[in-house]
Visitor: 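Structure provided below as C-alpha cells; questions to follow.
One-based numbering, in listed order, for ligands and for the atoms of each.
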Amino acid sequence: MAILEVEHICKSFKKNEVLKDISFSLEESNVLSIIGSSGSGKTTLLRCLNFLETPDSGVMKVKDKIIYDRFDPILTKDRIIRQNRLHFGLVFQQFNLFPQYTVLGNLTLAAILEAKKDKKNYKANKDVILGEINARALSLLEKVGLENKKDSYPCELSGGQQQRVAIARALMLSPDILCFDEPTSALDPELTKEVLKVIRDLKVSKNTMIVVTHEMEFAKNVSDKVMFMADGIIEEFGDSKEVFENPKSPKLKAFLDNAFTI
Ligand SMILES: Nc1ncnc2c1ncn2[C@@H]1O[C@H](COP(=O)(O)OP(=O)(O)O)[C@@H](O)[C@H]1O
Ligand SMILES: [Mg+2]
C-alpha cells in the first residue's frame, strides 16, 4: 500500500519556481533516496512534506487520507497542520538539538508537550505519563546505541552521536515517515558510517524513510527507490538498482558519472 502520495506540488519563492509539479508515491516500509545537484529543490521538497514550507498548490496523502490541500480551508488551519505534521519526522543536516537540554530532555520535550494538550488526563496521570515517555526515550536511545549518554548535553557529544540523538528524537512521536536532509554531510567518514548504520537498522525494523543524500553507495545499496531531481522536477524515479545501473536521463548519467569519479 502507498503510505505517501504527493500530487502536483508546486512551490515558488517570489519568481523562482523551485518545485514544479512534483508527484510521486512511496510504499510502506520502503526507503526512498533523493539525489540531485545543489539547488535542485531537494530540501524544499522535504520542508514541504514536513509543513515547514507551504506548497503553492498540490495535495499530500498519508495512508489514503488527504493531509494537505492548499485550497482546503480546514487542512490549511494551523491547528490541523500541527496535527498532520506528526505524520513526519525530520532529521536535519546540522542535528538541530536543543543545546540547553540533556539528551533525554531533547527526546522527551515534544512528547511531554503533546501529552499536556490533554490537560485533564495529564494532571490526573502525570507520573504514569512521564514514566512512559522516559521509558520510550530510553529504549530509543538504546536503539541508536546511546543509552549511556542520556544525561549528557549536546556539546559533550561527537557530531555522529548528536545525529543519532536527533534520529532518536525524530522517532519519539512514532512518525509514519522519517525524513533526513543530508544527515551525514556535516560528518567525517568514520562518523558517517555510524549514522548510516543506524539508518540501515531502521530499514530492517520496517521504518518508511525518505533520505536526501550525497552518499551514492548508500542510495544504491540501502534504498528501494531513488528520485533524481534536477531544476525543480523529478527527472528520474525508479527502483534503485535500475536508476543506478540503467539511468535514462542524460542529466542523471552526467550526475552519476561525476558522483562516482570523485
Ligand atoms: N526560504 C527560501 N527563500 C528563497 N529561496 C529559497 C528558500 N529556500 C530555498 N530557496 C531556493 O530554492 C532553490 C532550491 O533550494 P533547495 O531546496 O535548498 O535545494 P537543494 O536542497 O536541492 O540544494 C534554490 O534556488 C534556493 O536558493
Ligand atoms: Mg539541501
Side-chain angles (χ1 to χ4, degrees), residues 4 6-24 26 31-60 68 70 76 78 81-82 85 88-97 159-160 162-163 166-167 169-170 175 177-189 191-192 195-196 199 209-220 222-223 225-238 240 243-244 247 249-260 262:
L4 172 68
V6 171
E7 296 169 4
H8 307 298
I9 292 284
C10 296
K11 175 73 186 173
S12 296
F13 294 106
K14 300 219 169 87
K15 286 197 175 137
N16 185 8
E17 270 187 277
V18 175
L19 299 178
K20 303 168 190 162
D21 199 14
I22 298 287
S23 299
F24 68 96
L26 184 61
V31 178
L32 166 68
S33 283
I34 304 182
I35 59 174
S37 312
S38 179
S40 56
K42 307 180 298 296
T43 295
T44 304
L45 176 58
L46 275 198
R47 288 176 61 82
C48 285
L49 293 176
N50 285 270
F51 296 90
L52 298 173
E53 298 288 354
T54 312
D56 302 326
S57 58
V59 169
M60 299 183 336
Y68 181 79
R70 171 75 176 81
T76 45
D78 280 351
I81 283 183
R82 276 199 297 277
R85 179 180 283 147
F88 297 89
L90 180 57
V91 175
F92 300 89
Q93 183 176 354
Q94 295 294 346
F95 330 135
N96 291 17
L97 296 176
Q162 288 188 53
Q163 193 58 303
I167 294 171
R169 181 179 65 175
I177 299 149
L178 188 56
C179 302
F180 299 81
D181 193 1
E182 299 193 26
T184 61
S185 56
L187 302 174
D188 62 37
L191 302 183
T192 294
V195 170
L196 293 182
I199 300 176
M209 294 184 278
I210 301 179
V211 189
V212 172
T213 185
H214 289 298
E215 297 287 335
M216 291 301 135
E217 292 297 336
F218 170 86
K220 186 174 171 184
V222 180
S223 40
K225 301 281 175 185
V226 172
M227 175 192 296
F228 171 62
M229 290 186 71
D231 301 324
I233 66 165
I234 300 177
E235 178 80 9
E236 198 151 331
F237 186 103
S240 54
V243 166
F244 279 100
S249 134
K251 281 186 189 169
L252 174 56
K253 282 181 192 164
F255 178 82
L256 292 178
D257 278 350
N258 212 2
F260 282 103
I262 287 170

Visitor: I'd like to check which ligand 1 atoms, numbered from 1 as shown, lie under 4.0 Å from a non-hydrogen atom of Gly41.
Guide: 14 (C), 17 (O), 19 (O), 20 (P), 22 (O)

Visitor: Go through ligand 1 atom by atom and flag the ones less than 4.0 Å from a non-hydrogen atom of Ser37.
Guide: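 What qualifies from ligand 1 is 22 (O).
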
Visitor: Identify the protein heavy atom lying closest to atom 1 (N) of ligand 1, giving its residue, its atom name and the separation to 0.1 Å.
Guide: Phe13 CE2, 3.6 Å

Visitor: Taking both backbone and side-chain atoms of Gly39, is any N or O found less than 3.5 Å from an N or O belonging to ligand 1?
Guide: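 Right, the criterion is met.
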
Visitor: Tell me which protein heavy atom sits closest to atom 25 (O) of ligand 1, plus the residue, atom name and distance to 0.1 Å.
Guide: Asn16 ND2, 3.3 Å

Visitor: Would you check, one step at a time, whether the test side chain to side chain contact (heavy atoms under 4.5 Å, CB included) holds for Glu215 with Val222?
Guide: CA-CA 10 Å; Glu215 297 287 335; Val222 180; over 6 Å; no

Visitor: With no hydrogens and no angle check, is any side-chain donor or acceptor of Ser23 less than 3.5 Å from a backbone partner on His8?
Guide: yes

Visitor: Do you know the tightest heavy-atom contact between Cys179 and Leu46?
Guide: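 It is CB-CD2, 3.8 Å.
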
Visitor: Can you check whether a protein heavy atom sits less than 4.0 angstrom from atom 10 (N) of ligand 1?
Guide: yes

Visitor: Just checking: Thr43, one of its N/O/S atoms, less than 2.8 Å away from the Mg ion (ligand 2), yes or no?
Guide: yes

Visitor: Angle class for the Tyr68/Phe51 ring planes (parallel below 30°, perpendicular above 60°, tilted otherwise)?
Guide: perpendicular

Visitor: Using every non-hydrogen atom in the two residues, find where Ile199 and Met209 come nearest and quote the distance to one decimal.
Guide: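 Smallest heavy-atom distance, with atoms named: O-CE, 3.4 Å.
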
Visitor: Scan the protein's non-hydrogen atoms and note whether one is under 4.0 Å from atom 6 (C) of ligand 1.
Guide: yes

Visitor: Atoms of ligand 1 less than 4.0 Å from Thr44 heavy atoms?
Guide: 9 (C), 15 (O), 16 (P), 17 (O)

Visitor: Using atom types as modelled and distance alone, determine if a side-chain donor or acceptor of Glu235 lies under 3.5 Å from a backbone N or O of Ala230.
Guide: no

Visitor: Return yes if some donor-acceptor pair links the side-chain N/O of Lys42 with the main-chain N/O of Glu182 below 3.5 Å, else return no.
Guide: no

Visitor: Using a 4.0 Å heavy-atom threshold (strictly under), name the region of Asp181 that reaches ligand 1: side chain, backbone, both or neither.
Guide: neither

Visitor: Mind running side chain to side chain contact (heavy atoms under 4.5 Å, CB included) on Thr43 and Gln93 for me, showing each step along the way?
Guide: CA-CA 10 Å; Thr43 295; Gln93 183 176 354; over 6 Å; no

Visitor: Show me which atoms of ligand 1 lie under 4.0 Å from any heavy atom of Ser38.
Guide: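 What qualifies from ligand 1 is 23 (O).
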
Visitor: Whether Lys11 engages the ring of Phe13 as a cation-pi pair (distance to the six-membered ring centre under 6.0 angstrom, angle to the ring normal within 45°) should be assessed.
Guide: yes

Visitor: Within a reach of under 6.0 Å around CG of Asn16, are more than 12 heavy atoms found that belong to other residues, nucleotides or ligands?
Guide: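 Check passes, neighbour count above 12.
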
Visitor: Considering only the protein, which heavy-atom contact is closest to atom 18 (O) of ligand 1, and what is its distance?
Guide: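 The protein heavy atom lying closest is Thr43 CB, 3.6 Å.
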
Visitor: Look at atom 22 (O) of ligand 1 and say which protein heavy atom is nearest, naming residue and atom and giving the distance to 0.1 Å.
Guide: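 Result for atom 22 (O) of ligand 1: Lys42 NZ, 2.8 Å.
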
Visitor: I need the nearest protein heavy-atom contact for atom 12 (O) of ligand 1: residue, atom name and distance, please.
Guide: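 Atom 12 (O) of ligand 1 sits closest to the protein heavy atom Val18 CG2, 3.1 Å.
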
Visitor: Please verify whether a non-hydrogen atom of Ser40 lies at under 4.0 Å from ligand 1.
Guide: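 Ser40 counts as a contact of ligand 1 under the 4.0 Å cut-off.
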
